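So the structure is just underneath, and the comments pick up after that.
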Amino acid sequence: MVIVKVPATTANIGPGYDSMGMALNLYNTFTFKRERKNVEDDNLILKSFNYFYDYFNLDLEEISIDVDENVPRSRGLGSSATCIVAGLMAANKFSGKNISKEEILKLATNIEGHPDNVAPAIYGGLITSVVNDRVYFSKDSVSDNLSFILLIPNFELSTELARQVVPKEVSIEDCVFNIARASLVSKALSKGDFNLLKGVNEDRIHEPYRRKLIEDFDEFEKLAKNNNAIINISGAGPSILITKEKNNKKINIEIDKKLQELVNWKALELLVDDFGAVEN
Ligand code: HSE
């Protein structure tokens with residue numbers, strides 16, 4: 001039996017489209033057993049498990065999978081990444097191949113298409129990554145001056161649609177706008193420099209297009225601005241990431257009030273997970 005616990009992740013963090021992501025202390029826990037049991041073929045956990053066996057030309061094994069699921073699906077919180085990472089890590093253990101975390105990251109990126117959720121799901125912390133001849137990345141810890149409120153709606157948004165609305169081309173002006181901001185967002189998060197973060201956390205690549213798909217985004221934006229907090233779309237949405245100084249309790253009170261009106265949403269205050277996926 002192999003048990004794999006994988007954190008939720010929030011990708012992009014404003015200007016870091018498809019490049020930055022952070023692990024959060026909310027987890028899916030997967031139990032794999034070597035036994036014949038029907039798992040549907042389109043199950044992403046099983047597909048990832050089988051991908052590993054195919055990749056290394058191994059004979060497939062019959063397994064059962066149970067999930068203690070806490071990461072909401074299709075909400076921009078990396079639930080697919082938890083499935084991919086868990087499937088690969090379990091296959092690594094069952095097969096005895098014992099490949100490195102870096103190789104797991106490569107396979108996970110092949111399956112997911114981009115590393116911004118799978119990298120922090122594997123390593124924890126705040127990760128900026130680039131896919132080249134392999135995945136190059138750097139991990140930073142996030143300052144504990146900061147905390148995060150995830151606003152999670154009871155409706156889904158398909159990642160496919162959220163990717164379709166992002167323009168295929170951007171102007172040089174918008175590229176420059178995002179490059180410096182992405183680099184400073186990552187520094188501000190690790191230093192815990194909230195004023196720097198507040199000054200630079202803006203995006204011109206995806207958020208202006210995606211926010212229109214998220215009912216109530218404007219309301220939450222007003223609320224964040226009036227209460228010294230920062231708002232971003234979490235991954236491809238529809239969840240919303242609110243970043244605040246940990247001792248700012250006013251925003252929590254205002255969000256609680258707002259949620260009495262906007263009943264389709266719930267709020268979870270989370271911290272960054274610095275460890276990533278663990279298996280035993
Ligand atoms: N970076 C991805 C996106 C995350 O924004 O579409 C969702 O997979």
Side-chain angles (χ1 to χ4, degrees), residues 6-24 26 28 44-45 47-48 71-88 105-123 125-132 135-139 148 150-153 155-170 174-175 177-179 181-183 185-186 189 201-214 217 230-243 270 272 276-277:
V6 191
T9 43
T10 180
N12 303 328
I13 321 172
Y17 182 63
D18 276 1
S19 316
M20 280 167 29
M22 251 174 356
L24 301 167
L26 176 72
N28 280 341
L44 183 58
I45 313 159
K47 275 191 183 167
S48 308
V71 182
R73 295 183 197 188
S74 301
R75 299 295 198 285
L77 291 168
S79 93
S80 302
T82 70
C83 297
I84 294 168
V85 169
L88 292 172
L105 173 59
K106 181 178 151 203
L107 300 189
T109 305
N110 290 348
I111 299 171
E112 175 92 318
H114 39 83
D116 55 346
N117 286 106
V118 290
I122 294 169
Y123 290 97
L126 163 67
I127 301 227
T128 306
S129 50
V130 165
V131 184
N132 203 336
V135 182
Y136 292 86
F137 68 93
S138 170
K139 174 181 168 180
F148 304 90
L150 272 299
L151 296 168
I152 306 168
F155 52 87
E156 298 184 1
L157 174 61
S158 95
T159 301
E160 205 186 332
L161 174 64
R163 292 185 78 79
Q164 270 168 21
V165 299
V166 176
K168 300 285 169 282
E169 291 179 6
V170 287
D174 289 351
C175 282
F177 184 96
N178 265 60
I179 292 166
R181 281 169 177 77
S183 145
V185 161
S186 144
L189 285 167
N201 193 330
E202 292 171 285
D203 166 74
R204 286 194 184 164
I205 290 184
H206 67 114
E207 288 192 344
Y209 311 97
R210 287 175 162 176
R211 57 181 291 160
K212 298 175 194 150
L213 304 175
I214 304 172
F217 188 90
I230 298 163
I231 185 165
N232 291 117
I233 298 172
S234 179
S239 293
I240 289 173
L241 173 72
I242 302 282
T243 304
L270 297 171
V272 171

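Keep in mind that this is a model prediction, so the values were computed, not measured. Order of listing sets the numbers, starting from 1, for every ligand and every atom in it. Computed from heavy atoms alone, side chains included, the values below leave out hydrogens, waters and symmetry copies.
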Asn117 versus Thr9, side-chain donor and acceptor atoms under 3.5 Å: yes
Asn12 and Asn232 side chains, donor-acceptor separation under 3.5 Å: no
Report all side-chain donor-acceptor pairs from residues 73-83 shorter than 3.5 Å, counting only partners two or more places apart or in another chain.
unit_1: Arg73; atom_1: NE; unit_2: Glu69; atom_2: OE2; d: 2.7
unit_1: Arg73; atom_1: NH2; unit_2: Glu69; atom_2: OE1; d: 3.0
unit_1: Arg75; atom_1: NE; unit_2: Pro153; atom_2: O; d: 2.8
unit_1: Arg75; atom_1: NE; unit_2: Phe155; atom_2: O; d: 3.2
unit_1: Arg75; atom_1: NH1; unit_2: Arg73; atom_2: O; d: 2.7
unit_1: Thr82; atom_1: OG1; unit_2: Asn28; atom_2: ND2; d: 3.0
unit_1: Thr82; atom_1: OG1; unit_2: Ser79; atom_2: O; d: 2.6

Salt-bridge present (Asp203, Arg211; N to O < 4.0 Å): no
Ser234 vs Thr10, side-chain hydrogen bond (donor to acceptor under 3.5 Å, both in side chains): CA-CA, chis, key distance, verdict: CA-CA 5 Å; Ser234 179; Thr10 180; 2.8 Å; yes
Atom pairs, nitrogen or oxygen, ligand 1 to protein, under 3.5 angstrom:
unit_1: ligand 1; atom_1: 1 (N); unit_2: Asn12; atom_2: OD1; d: 3.0
unit_1: ligand 1; atom_1: 1 (N); unit_2: Asp18; atom_2: OD1; d: 2.5
unit_1: ligand 1; atom_1: 1 (N); unit_2: Asp116; atom_2: OD2; d: 2.5
unit_1: ligand 1; atom_1: 5 (O); unit_2: Asn12; atom_2: ND2; d: 2.8
unit_1: ligand 1; atom_1: 5 (O); unit_2: Arg210; atom_2: NH1; d: 2.8
unit_1: ligand 1; atom_1: 5 (O); unit_2: Arg210; atom_2: NH2; d: 3.3
unit_1: ligand 1; atom_1: 6 (O); unit_2: Arg163; atom_2: NH1; d: 2.6
unit_1: ligand 1; atom_1: 6 (O); unit_2: Arg210; atom_2: NH2; d: 2.8

Flag, side chain of Arg204 to backbone of Asp174, donor-acceptor distance under 3.5 Å: no
